[in-house]
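Counting starts at 1 for both ligands and their atoms, following the listed order. This one's a predicted model, so the numbers in the text were calculated from it and none came from an experiment.
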Amino acid sequence: MNNKHILITGASRGIGLEIAKMLAEKNYSLVLTTSNEISASKLSEMSFVKNNNVKVYALDQENKLEIASFIKKWDQELWGIVHNAGICKTLGIKDEGDDPLDEVLNTNLIGPYLLTKKLLPFLSRPGRIVNITSQLGHEGRAEYSAYCASKFGLIGMTKCWAKELGEEGITVNAVSPGWVDTEMGKLDMNRMAEEAGKTSEQYYKEICKPLELKRFNSTTEVANLVSFLLSEEASGITGRDWLMQTIWNEL
Ligand SMILES: NC(=O)c1ccc[n+]([C@@H]2O[C@H](COP(=O)([O-])OP(=O)(O)OC[C@H]3O[C@@H](n4cnc5c(N)ncnc54)[C@H](OP(=O)(O)O)[C@@H]3O)[C@@H](O)[C@H]2O)c1
């Protein structure tokens, strides 16, 4: 039996859900968040949640007041935090329309910062922090300035926190997937395929060409890496940004 508690944000689907299932199998105790009550209650109904030591909370990390009240009630020692929750919204710098900058930065960057700062007293020494970033934390893509800013920023924070917390035995790493087969990955690809006047299948083949594996990463592959970085065995690895495949350049 593993007595370690891990907080995973954005665990209702995609990468976060896969990480949660994998860690539950490894007998970690989990605290999972989703953005709202509906997705939280759907997650609570899943069998791996019911059959393991897993708590689920709704926490909209775009909302600083919600983060404050979530933290106020916190009384649990933690072995690790996985900052996975994220959104991707686009708008060209020359374009009019709803500007996603505040929403994306609050959710993807300010949220992890506030949660880490306030939960740090509850993090064990040694302990682990894993930030899910992106290949778009390494390169720019037209119309993705809000998302890129959030992911470049989270990689920067990873390196700062590693330097500040290393002496206490807390490791901090970033995992930067390229394309992953999730709702976010598919929506993104379909939108770009449509703009390019191609079918999703044609576009998928094209964007996979420069990738070493010639395919998207699976959620399991991302979860495997996260699971290792959270383990005792990863005690000597910190301040690194684990880019999972090559950077995808504009076609
Ligand atoms: N998929 C990719 O190709 C890819 C590539 C690189 C990096 N990433 C990163 O990997 C992480 C997970 O992505 P994914 O593909 O699994 O995305 P996803 O399928 O869209 O799932 C996103 C998760 O984040 C949660 N979330 C969204 N807004 C939130 C908010 N305001 N407060 C709290 N939770 C919120 C969602 O909860 P609800 O269900 O409640 O909305 C959901 O659990 C993200 O940080 C993303 O940027 C993804």
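Between the choices Thr219, Ile15, Asn84, Ile19, the shortest heavy-atom distance to atom 11 (C) of ligand 1 belongs to Asn84. Relative to atom 22 (C) of ligand 1, the option among Ala85, Gly86, Pro112, Gly14 with the closest non-hydrogen atom is Gly86.
Under the side-chain contact (heavy atoms from CB on, under 4.5 Å) criterion, Leu17 pairs with Lys21, Leu43, Met46, Phe48, not counting sequence neighbours. For the salt bridge (charged side-chain N to carboxylate O under 4.0 Å, His left out) test, no residue two or more places apart in sequence or in another chain qualifies with Lys55.
Checking side-chain atoms of Arg128 against main-chain N and O of Ser231 turns up a donor-acceptor pair under 3.5 Å. Between the side chain of Ser150 and the main chain of Tyr147, a donor-acceptor pair closer than 3.5 Å is present.
Counted within 6.0 Å of CD on Glu194, heavy atoms from surrounding residues, nucleotides or ligands total 12 or fewer; the atom is thus considered open. Environment of CD in Glu25: sparse, with no more than 12 heavy atoms of neighbouring residues, nucleotides or ligands closer than 6.0 Å. The number of heavy-atom neighbours closer than 6.0 Å to CD of Glu167, taken from other residues, nucleotides and ligands shown, is 12 or below.
Counting heavy atoms under 4.0 Å from ligand 1, residue Gln135 does not touch it at all.
For atom 35 (C) of ligand 1, the closest heavy atom belonging to the protein is Ser35 CB, 3.6 Å. Nearest non-hydrogen protein atom to atom 19 (O) of ligand 1 is Arg13 NH1, 3.3 Å. The protein heavy atom nearest to atom 42 (C) of ligand 1 is Ser12 OG, 3.4 Å. For atom 5 (C) of ligand 1, the closest non-hydrogen atom of the protein is Gly178 O, 2.8 Å. Gly10 O, 3.7 Å is the protein heavy atom nearest to atom 23 (C) of ligand 1. For atom 3 (O) of ligand 1, the nearest protein heavy atom (residue, atom name, distance) is Val180 N, 2.8 Å. At the shortest separation from atom 14 (P) of ligand 1 among protein heavy atoms lies Thr182 OG1, 3.6 Å. Looking from atom 32 (N) of ligand 1 to the surrounding protein, the closest heavy atom is Gln61 N, 2.9 Å.
Looking at ligand 1, you'll find an N or O of Ser39 within less than 3.5 Å of one of its N or O atoms.
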Glu221 vs Arg215, salt bridge (charged side-chain N to carboxylate O under 4.0 Å, His left out): CA-CA, chis, key distance, verdict: CA-CA 12 Å; Glu221 289 167 338; Arg215 60 169 174 81; 2.7 Å; yes
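Close contacts between ligand 1 and Gly185 involve ligand atoms 1 (N), 3 (O) [criterion: under 4.0 Å to a heavy atom]. Counting the atoms of ligand 1 from 1 in the order shown, those under 4.0 Å from a heavy atom of Ala11 are 43 (O). Shown in contact with Thr133 at under 4.0 Å from a heavy atom are these atoms of ligand 1, numbered in order with element: 6 (C), 7 (C), 8 (N), 9 (C). Short contacts between ligand 1 and Asp60, defined as distances under 4.0 Å to a heavy atom of the residue, involve ligand atoms 30 (C), 31 (N), 32 (N). The ligand atoms of ligand 1 that sit less than 4.0 angstrom from a heavy atom of Trp179 are 3 (O). Shown in contact with Leu59 at under 4.0 Å from a heavy atom are these atoms of ligand 1, numbered in order with element: 32 (N), 33 (C). Residue-ligand proximity, Tyr147 to ligand 1, at heavy-atom distances under 4.0 Å covers atoms 7 (C), 8 (N), 9 (C), 46 (C), 47 (O). Heavy-atom proximity to Ile87, at under 4.0 Å, picks out these atoms of ligand 1: 27 (C), 28 (N).
Note on ligand 1: Asn36 sits in its first shell, one or more heavy atoms being nearer than 4.0 Å.
Within the 4.5 Å cutoff, the side chain of His83 has no heavy atoms near those of the Val130 side chain. Counting heavy atoms from C-beta on, the side chains of Asn36 and Asp60 never come closer than 4.5 Å.
Arg191 and Glu143 are not joined by a salt bridge, as no carboxylate oxygen comes within less than 4.0 angstrom of a charged side-chain nitrogen. Between Glu232 and Lys4, at least one side-chain nitrogen of the basic residue sits less than 4.0 Å from a carboxylate oxygen of the acidic one, meeting the salt-bridge criterion.
Using bins of under 30°, 30° to 60° and over 60° for the plane-to-plane angle, the ring pair Trp179/Phe216 lands in the parallel bin.
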